[in-house]
Amino acid sequence: MACDLSQYTDFQINLDASKDAVNATHIEAFVDGPGDANRLLIFTGSANVNRESDNDDDLVRRGTVRLKLNFPLSSAITFVDAATNASLGSIFNRDDDDTTYAIDCVSTQPENTDPNNPQQSELVLTAAVAVQGGENDAGINRMAYQANVLLRDTEPELQSVLVRQAGVGNFVPEVLLFSGDKWEYLFTLTGPVPVGQFFTVTLQSSDPQDAPIDILHVINEVPAGQISAGSGPVDPVVNRGNLPLKVTITGTGKGVSKTAILDIATIPR
Amino acid sequence: MALNANNPDDVKEGKMLKLNIKGPGDANRLLIFTGTAVTNFKGPDESIGGTRTALLTVTLLDATQAPQEFIRSATFATIAAESSGAGDPSANDEWFFDVSDVETVKDFDGSLALKATLSTGIDSILLRVAYQANVLIHE
């Protein structure tokens, strides 16, 4: 639930975590619930509030701090819930007046922050703040925060990487190749790529000398509406030694990695 | 200032939760550490003036227990308890407290450690710092 800000009207401070916070960062964890939630994001940092008391009338001044967390929500992402904490990170006083420093309430919600684009939405932390003290002699420099946000992300994820000898048989998780064989691969996603987007998968070889991946195959794009994408033949594998080689091919898309194995025999086909 | 989360004289209620997760990438555990560090960090004497700054290190897991694959972290730390006007017979008229540059890292000795910069002004003692460190690992 958002904070009741009806009493916090003396000032409003608008901040952006990308430039108005110290050590602003976030981590993301893939979770299974509660409910439809499949992402937990934890945002932390120290927001530069820099609010000083502005009078000597002994009145408490109450206002709001709005901090954009720099996390736009695409149409494929649904806000589920948030639990947020914020507290005094840096405070000071320089005279003998009564003082008050308070973060009375804090919440995180999705908000439209671009009036020219009503469909736009991003995560915004809102804090109800109070300051009392001698004129310019007391204040809150920084507010430490942690926002825990549950989201539902319906964008597809990388489900598998399969391989085969170029043009031969079915795609499988592990394939036997002979030195000199070309090979190809197939990415499969958990769902179709949304309209107007593409899904990028990068490919790496654990042994670039014996199973090189040429520049055209390092970065791959699955187009809108598709659930899978394959490659043309990749450069031939080589086995210079006397023992069979196992090379791991790793595809990575949106932070998810999947692997396939090339078993490379020493004898040319 | 070096404190250990497993020493109750250094950290009150130093706790860790371990959650199973499914990514992103190789991440399969989310570690959540909470506690209240006993800092008792005193500012400079009034005769000296200015502020005093120190690096706080709280060892969350020593090198033998720290995860081999540290991936990423996000950490919250803030003023939990302070005392101002300490030792000042006159009015409680000037103080300053700051907790900043908070992060959790795999330290040079292999331990998992929370780091923060503490600053205090004259007549100021930063008694305790509350924290929550959220750490993605692979194990």
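Here is the naming used below: chain letters follow the sequence lines, and residue numbers restart at 1 for every chain. All figures in this text were calculated on a predicted structure; none of them were measured in a lab.
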Straight-line distance of A/F43 CZ to B/F76 CZ, nearest 0.5 Å = 15.5 Å
At a heavy-atom separation under 4.5 Å, does A/N85 approach chain B through its side chain, its backbone, both, or neither?
-> both
CD (B/E139) with more than 12 external heavy atoms under 6.0 Å = yes
Ranked by heavy-atom pairs below 4.5 Å to chain B, first place among A/V22, A/I42, A/V256, A/T99 goes to A/I42
With chain B as the partner chain, list the residues of residues 135-144 of chain A whose heavy atoms fall under 4.5 Å from it, by residue number, and write 'none' if nothing qualifies.
-> A/N141, A/R142, A/A144
For B/S119, is it the side chain, the backbone, both, or neither that has a heavy atom closer than 4.5 Å to a heavy atom of chain A?
-> neither
Under a 4.5 Å heavy-atom criterion, the part of residues 53-72 of chain B in contact with chain A comprises B/R72
How about residues 26-35 of chain A versus chain B: which residues have heavy atoms under 4.5 Å apart?
-> A/H26, A/I27, A/E28, A/A29, A/F30, A/V31, A/D32
Do A/T44 and B/Q132 have side-chain heavy atoms sitting under 4.5 Å apart?
-> no
Atom CZ of A/F198 with >12 non-hydrogen neighbours under 6.0 angstrom | no
Select, from B/I79, B/N28, B/V135, the one with the greatest count of heavy-atom pairs under 4.5 Å involving chain A.
-> B/I79
With respect to chain B, which residue among A/S87, A/S46, A/G89, A/G45 yields the maximal number of heavy-atom pairs within a distance under 4.5 Å?
-> A/G89
Got a sec, which residues hit salt bridge (charged side-chain N to carboxylate O under 4.0 Å, His left out) with B/R128, two or more places apart in sequence or on another chain?
-> none
Value for CG (A/N148) from CG (B/N134), rounded to nearest 0.5 Å, stands at 7.0 Å
If only atom types and distance count, is the side chain of A/N93 paired as donor or acceptor with the main-chain N or O of B/W95 below 3.5 Å?
-> no
If one checks every heavy atom of B/A80 against chain A at 4.5 Å, the contacting part turns out to be neither
First locate atom CZ of A/R39, then atom CD1 of B/I21, and finally report the distance between them rounded to the nearest 0.5 Å.
-> 10.5 Å
CA sep, side-chain torsions, deciding dist, call: B/L19, A/L40, side chain to side chain contact (heavy atoms under 4.5 Å, CB included) | CA-CA 12 Å; B/L19 286 76; A/L40 168 65; 5.7 Å; no
Check: A/S90 side chain, B/D98 main-chain N or O, donor-acceptor pair, under 3.5 Å | no
Specify which of B/A130, B/S73, B/A77, B/A27 makes the most heavy-atom pairs with chain A at under 4.5 Å.
-> B/S73
